[in-house]
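Working notes, structure below.
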Number of protein chains: 2
Amino acid sequence: MPKEIPIEYRTVVVAVDVVVFSVFDGALHVLLIPVNRPPHYVAMRGLPGGIMEKKETSDEAVLRHLSGKIGLSSIYFEQLYTFTSLGRDKRNRVASIAHLGLVTATEAKRVEREGGVWVPVHEVDKLAFDHNEILDTAVVRLAGKLLYTNIVRHLLPKKFTLTELQKVYEIIRNETFDKRNFRKKILSMNIIHDTGEMQTGVANRPASLYSFTGTKVTEIPLISVI
Amino acid sequence: MPKEIPIEYRTVVVAVDVVVFSVFDGALHVLLIPVNRPPHYVAMRGLPGGIMEKKETSDEAVLRHLSGKIGLSSIYFEQLYTFTSLGRDKRNRVASIAHLGLVTATEAKRVEREGGVWVPVHEVDKLAFDHNEILDTAVVRLAGKLLYTNIVRHLLPKKFTLTELQKVYEIIRNETFDKRNFRKKILSMNIIHDTGEMQTGVANRPASLYSFTGTKVTEIPLISVI
DNA sequence: GTGTGATAGTGTAAAAGTTACAGTAACAAT
DNA sequence: ATTGTTACTGTAACTTTTACACTATCACAC
């Protein structure tokens, strides 16, 4: 009886990958896992992800791989782009549906186990497969979406100060903003509201705590009509 | 010898679909083809597309299916979204990488053969598979991209009048614009330039002919910095 | 309890951009 | 020459964006 050829050598395999971001310690971090797939990808790092099975959607595959490998359950994610270059995985023909994921700093801390590592985005070097390209795509997308959505909500705790919010914008956008103008702009968008609570135990004037309005990621009409 | 189970029944199959748009006769049209896949999809219409083979990228698959089935070669397209619902194709498990394509009105006329039909987007009824959902996604994406890219270039001939350009915007955005303000805005974007040529043979004052600057689809910084 | 260090919080005037709005110009056809 | 049709243009009111600096409130050290 002839040895059977595994399916993945005969046809296109579908995988999901996730670029999980978190902002802490003054930098945008990405979650990486160890990759060991001889002969091409040995002792490298890469994005978390894996095969999408026949009985699951891409979203289900993302959740399964993140909660399994990384113990990550509380996460926001959305589809980013599907990568289909022929050489992107040197062993098989794998098309990867890449995703952009966001977790809060506290969730990020909880996840540092199972070999998952948070690396500042600007210190990432050669990753397995085409994961550098996927990462670059995700960074651009995230920086863009900050400007016309309230997606930043998934990087911050329930209650946060305006300065914390501004810091996240500055880190991801890689630019600084005037404090007064930033506050005017953000407050005019009606995406956050003052909770009435204040910071406690800080060695300076305590800041007001704000919270995001609504629960979903939505677009904010910033673009002027022609 | 047991009958072999086709690969597509055992694993996820990857397909590409394309929402090809063109603007003419005062309406946004989409290109549809006949679908006949008993038992579920009989005598229906759907989007052009097909399987992505192991030896080709998604872009190559798109070009192969469009030039083959439809005789369509001169087209701009970009990836839209990847659809992976379990029930989206009732026969197999098919993940579809959907694309958004644009052709000029003259190219659209050339394509009316091989069963391909241009249907005004607002007259489209039930399509095969989940193609209505894909179409809706594409319409939203196109209308959005008009505002912050020069993607509209692929819907117009090399040389065009400002009124023609405005009409395309109005049809896709489903709103009207003041002629003077539209011109000021478009000209301030530096995406088009006056060719110096004029319309000829029209029974009214001839309009100046404009042309797009550059050759690629690029983003136009419309969004004010925070 | 006073002083210090640190961050929070606030207003305004100039500039730029957006909006609303109507009449003259240039062509073909008659 | 008249008519019908579309091209083309400017400005004032309004809104948004930008640039910019000082006071307020807390913990802590003394």
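Here is how names work: the chains are called A, B, and so on, in the same order as the sequence lines, proteins then strands, and each is numbered from 1.
Taking 4.0 angstrom as the limit, Ser208(B) places a side-chain polar atom (N or O) nearer than this to OP1 or OP2 of dC8(D). Contact between the side-chain N/O atoms of Ser188(A) and the OP1/OP2 oxygens of dT16(D) is not found at any separation under 4.0 Å. Contact between the side-chain N/O atoms of Thr163(B) and the OP1/OP2 oxygens of dT6(D) is not found at any separation under 4.0 Å.
Residue Arg183(B) contributes atom CZ, which lies 21 Å from atom P of dG17(C) at whole-angstrom precision. Rounding to whole angstrom units, CZ of residue Phe182(A) and C1' of dA8(C) are separated by 15 Å. Spacing between atom CG of Leu162(B) and atom C1' of dT6(D) amounts to 13 Å, rounded to whole angstrom units. Taking atom CD1 on Ile186(B) and atom P on dC8(D), their separation rounds to 15 Å, with Å as the unit. Counting to the nearest Å, the P atom of dA8(C) and the CD atom of Glu197(A) are 17 Å from each other. Rounded to whole Å, the distance from CD on Glu164(A) to C1' on dT7(C) is 12 Å. Between Lys185(B) atom NZ and dG10(D) atom P the separation is 20 Å, expressed in whole Å. At whole-Å resolution of the value, CZ in Phe160(B) and P in dA7(D) are 14 Å apart.
Remark: Gln166(A) engages Glu170(A) in a side chain to side chain donor-acceptor pair (under 3.5 Å) (not counting sequence neighbours). Taking the side chain to side chain donor-acceptor pair (under 3.5 Å) definition, one finds that Thr106(B) meets it with Thr104(B), sequence neighbours left out. Shown here are the salt bridge (Lys or Arg N to Asp or Glu O under 4.0 Å) partners of Asp89(B), two or more places apart in sequence or in another chain: Arg91(B). Not a single ring pair (Phe, Tyr, Trp, His ring centres under 6.0 Å) links His65(B) to another residue, sequence neighbours left out. Residues satisfying the salt bridge (Lys or Arg N to Asp or Glu O under 4.0 Å) criterion with Arg64(A), sequence neighbours excluded, are Glu56(A). When the salt bridge (Lys or Arg N to Asp or Glu O under 4.0 Å) test is applied to Lys159(B), the partners found at least two apart in sequence or on another chain are Glu197(B). By the side chain to side chain donor-acceptor pair (under 3.5 Å) test, Arg110(A) is found to be paired with Glu107(A), residues two or more places apart in sequence or in another chain being considered. Annotation: side chain to side chain contact (heavy atoms under 4.5 Å, CB included) contacts of Val217(A) (sequence neighbours excluded): Tyr76(A), Thr149(A), Asn150(A), Ile151(A), Arg153(A), His154(A).
Side-chain contact check for Leu165(B) versus Phe212(B): some heavy-atom pair is nearer than 4.5 Å.
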What does the list of N/O pairs under 3.5 Å between the protein and nucleotides 1-3 of chain D look like, with a distance for each?
none

N/O contacts under 3.5 Å, protein versus nucleotides 11-14 of chain D?
from	atom 1	to	atom 2	distance (Å)
dT11(D)	O4	Lys184(B)	NZ	2.9

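Among residues at least two apart or in separate chains, salt bridge (Lys or Arg N to Asp or Glu O under 4.0 Å) pairs with a member in residues 122-146 of chain A are Glu78(A)-Lys145(A), Arg88(A)-Asp130(A).
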For this session: For nucleotides 22-30 of chain C, just jot down a letter per nucleotide in 5' to 3' order: B, S or -, based on protein non-hydrogen atoms under 4.0 Å.
Result: B--BBBS--
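Counting non-hydrogen atoms of other residues, nucleotides and ligands closer than 6.0 Å to NZ of Lys69(B) gives a total above 12.
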